[in-house]
Protein chains: 2
Amino acid sequence: MIDYRSVSLANQVFSVIEKNIINEVYAPGEILSESRLSKELGVSRTPIREALGRLEAEKLIASSANGSVVLGITTQDVEDMFMVKRALEPEAFRRAARSMSEGALEKLKSNLEKQEFYAVKKDSEQLKNLDTEFHDLIYEGSGSMILFSILSPNHHKLLKFRKASLEMSDRIEHSYSEHVAIYHALAERNEDLAAALITEHVNNAYENINENIKREEK
Amino acid sequence: MIDYRSVSLANQVFSVIEKNIINEVYAPGEILSESRLSKELGVSRTPIREALGRLEAEKLIASSANGSVVLGITTQDVEDMFMVKRALEPEAFRRAARSMSEGALEKLKSNLEKQEFYAVKKDSEQLKNLDTEFHDLIYEGSGSMILFSILSPNHHKLLKFRKASLEMSDRIEHSYSEHVAIYHALAERNEDLAAALITEHVNNAYENINENIKREEK
DNA sequence: TCCTGTATTGTTGTATACAAGTATACCCCT
DNA sequence: AGGGGTATACTTGTATACAACAATACAGGA
């Protein structure tokens with residue numbers, strides 16, 4: 001096995017299992033045994049265990065004596081994650097406006113160019129990943145480890161819902177233009193505007209996602 | 001080695017290293033190698049690695065190719081953690097007031113009795129642990145996995161500062177009486193009162209801790 | 001003396017071996 | 001046929017072995 005330190009098997013395994021839980025490939029209630037995952041993913045139990053440990057810390061699974069039971073993400077969890085976003089993202093964006101480096105702003109800009117490209121093509125798969133990167137850059141740019149460590153996994157776990165939302169409406173264009181407006185507010189170091197825009201962005205995303213969830217539940 | 005599943009070596013190792021980082025036994029910037037920790041704690045690298053993985057997720061350390069560098073907790077982090085508390089704890093306590101089980105309320109009550117006992121003895125070490133349990137019970141009682149997974153580690157990481165605060169003033173009595181008031185609000189299902197009281201509790205704790213930090217920095 | 005190349009030591013990442021416990025299925029006995 | 005006990009297979013937790021890579025110290029030559 002080649003030794004790609006930066007993308008260790010444990011990290012890859014974490015991403016795969018996380019994605020499978022979020023997308024309910026592993027359904028809530030299902031029990032994941034280490035040996036099963038080991039066979040399934042073709043790696044030994046060691047990286048599996050490390051990934052499961054982190055997933056447990058994020059409350060996506062719960063370990064017991066005879067396996068890890070999948071907890072998954074409930075609609076209540078989605079509500080709660082948006083509550084967290086509403087409560088903390090304005091402050092994070094304020095700080096990013098104040099202290100984000102020019103380099104990070106450059107990365108944001110380049111990210112936006114890609115967003116524009118894929119928005120035209122309506123490629124929600126790519127847009128979903130770019131959205132994750134966009135937000136992570138800003139969380140990191142806030143300079144607060146605490147905010148980053150809370151908001152980044154929070155945003156991550158909403159991935160499936162964000163993608164579904166982008167697929168089902170004209171949210172692609174709106175989302176993109178909101179991102180552009182946020183970028184300009186950050187670049188101009190206008191923290192009041194940045195806070196106001198992200199609040200609106202979160203509210204819009206919430207409404208959109210909520211509609212999708214209600215539609216699905218019918 | 002006896003097989004106490006519920007308190008696995010990995011969990012114990014996590015607690016020890018976490019405590020050592022919080023109390024700056026391992027100073028920020030210091031590099032922790034797995035083999036060193038393995039010798040130091042008398043266990044193999046396997047549980048060490050699992051603990052380090054979780055510590056990295058909590059941003060207490062950062063792993064690189066040649067070891068894990070200790071990040072520690074800065075005074076800015078303390079500010080940020082209180083910001084998170086102010087933003088999210090009122091909502092958590094509201095929900096706890098609404099949905100906490102009678103059993104959990106019983107546990108809170110018994111915890112308070114112990115708090116009273118140790119408050120009289122001014123045993124800040126025990127009080128610190130009881131305070132952790134008290135808050136964890138309420139976070140869990142909120143019924144929100146999301147809030148619990150954010151607020152519990154957040155409160156944990158403030159441990160050192162909470163203890164220092166309890167040692168340096170008459171905060172012991174005030175903290176205890178605030179806890180009692182919160183318990184009664186929860187038991188009476190008065191969510192408005194619970195939210196108001198925790199807000200005040202957080203503000204008081206913040207002022208107290210902040211004074212200590214300023215005093216130390218001189 | 002300084003620089004360069006090599007060897008040693010230390011690091012992480014991964015796989016595997018082993019111990020201990022548990023649930024389950026199956027067989028035997030009543 | 002039904003119930004109980006045993007054996008088996010599967011689970012996690014831990015330790016160790018091995019591979020790949022990195023840094024460093026040291027020795028030798030220019």
Side-chain angles (χ1 to χ4, degrees), chain A residues 1-21 25-72 149, chain B residues 1-21 25-72 149:
Chain A
M1 182 72 59
I2 301 167
D3 193 3
Y4 294 114
R5 295 300 172 94
S6 53
V7 281
S8 67
L9 286 184
N11 284 328
Q12 293 178 53
V13 166
F14 173 82
S15 296
V16 169
I17 301 179
E18 183 194 30
K19 186 180 291 185
N20 283 345
I21 293 177
V25 176
Y26 301 144
E30 190 171 343
I31 284 181
L32 305 175
S33 88
E34 294 171 8
S35 44
R36 170 195 156 182
L37 292 169
S38 176
K39 282 176 209 156
E40 209 167 297
L41 304 178
V43 299
S44 79
R45 278 178 55 215
T46 308
I48 300 280
R49 282 184 66 81
E50 296 185 7
L52 289 180
R54 289 170 53 195
L55 289 165
E56 188 183 9
E58 286 198 8
K59 302 289 179 195
L60 282 173
I61 62 174
S63 298
S64 68
N66 62 331
S68 297
V69 54
V70 176
L71 298 178
S149 70
Chain B
M1 182 71 58
I2 302 165
D3 191 3
Y4 291 114
R5 297 301 173 93
S6 53
V7 280
S8 67
L9 285 186
N11 285 328
Q12 293 178 54
V13 166
F14 173 82
S15 296
V16 170
I17 301 179
E18 183 193 31
K19 187 181 290 183
N20 284 344
I21 293 177
V25 176
Y26 302 145
E30 191 172 340
I31 284 182
L32 305 175
S33 88
E34 292 171 6
S35 44
R36 170 194 157 183
L37 292 169
S38 176
K39 283 175 205 156
E40 209 168 295
L41 303 178
V43 300
S44 79
R45 279 178 56 213
T46 308
I48 299 281
R49 282 182 66 80
E50 296 186 5
L52 290 180
R54 286 171 54 195
L55 289 165
E56 188 184 7
E58 286 199 6
K59 302 290 177 193
L60 283 174
I61 62 174
S63 298
S64 69
N66 61 333
S68 297
V69 55
V70 177
L71 298 179
S149 69

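By convention in this document, chain letters (A, B, ...) are assigned in the order of the sequence lines, proteins followed by strands, and residues within each chain are numbered from 1.
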Length of the [atom1]-[atom2] vector between [X] and [N], whole Å:
X: R45(B); N: dG10(C); atom1: CZ; atom2: P; answer: 14 Å
X: N66(B); N: dA22(D); atom1: CG; atom2: P; answer: 10 Å
X: L32(B); N: dG10(C); atom1: CG; atom2: P; answer: 17 Å
X: L9(A); N: dT12(C); atom1: CG; atom2: P; answer: 17 Å
X: N11(A); N: dT12(C); atom1: CG; atom2: P; answer: 15 Å
X: E50(B); N: dA15(D); atom1: CD; atom2: P; answer: 11 Å
X: L55(A); N: dT12(D); atom1: CG; atom2: P; answer: 14 Å
X: I31(B); N: dA22(D); atom1: CD1; atom2: P; answer: 16 Å

- May I ask you to verify whether the side chain of R36(B) and the base of dG10(C) hold a donor-acceptor pair under 3.5 Å?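 For R36(B), whose side chain was compared with the base of dG10(C), there is no donor-acceptor pair (under 3.5 Å).
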- Compare every heavy atom of V70(A) with every heavy atom of Y26(A), then report the nearest pair and how far apart it is.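 Heavy atoms of Y26(A) and V70(A) come nearest at O-CG1, 3.6 Å.
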Any side-chain N or O of [X] under 4.0 Å from OP1/OP2 of [N]?
X: S44(A); N: dT14(C); value: no
X: R49(B); N: dG13(C); value: yes
X: S64(B); N: dT12(C); value: no

- Item | Toward the 5' end of DNA chain D, by each residue's nearest nucleotide, L52(A) or T46(A) |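 The residue mapped nearer the 5' terminus is L52(A).
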- Check ion pair E50(B)-R54(B) (N to O, under 4.0 angstrom):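 No, this pair does not count.
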- Query: Is it true that E30(A) and R36(A) have a side-chain N and a carboxylate O under 4.0 angstrom from each other?
  - Reply: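 A salt bridge is present here (some side-chain N lies under 4.0 Å from a carboxylate O).
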- Query: Going by heavy atoms in the side chains, are E18(B) and L55(B) under 4.5 Å from each other?
  - Reply: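 Answer yes - side chains close enough.
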- Message: Between S38(A) and V43(A) (side chain of the first, backbone of the second, donor and acceptor by atom type, cut-off under 3.5 Å), is there such a pair?
- Response: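 The answer is yes, because a donor-acceptor pair under 3.5 Å joins these two groups.
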- Message: Counting the atoms with a prime plus P, OP1 and OP2 as sugar-phosphate, which does S63(A) contact under 4.0 Å by heavy atoms, base, sugar-phosphate, or nothing?
- Response: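 Nothing, no nucleic acid heavy atom in range.
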- Using a heavy-atom cut-off of under 4.0 Å over every strand shown, decide if S33(B) touches base, sugar-phosphate, or nothing.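 Answer is sugar-phosphate: S33(B) comes under 4.0 Å of backbone atoms only.
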- Message: Quick check: on DNA chain C, is the nucleotide nearest S35(B) upstream (toward 5') of the one nearest A10(A), or the reverse? Name the residue that is more 5'.
- Response: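 It is S35(B), whose closest nucleotide lies nearer the 5' terminus.
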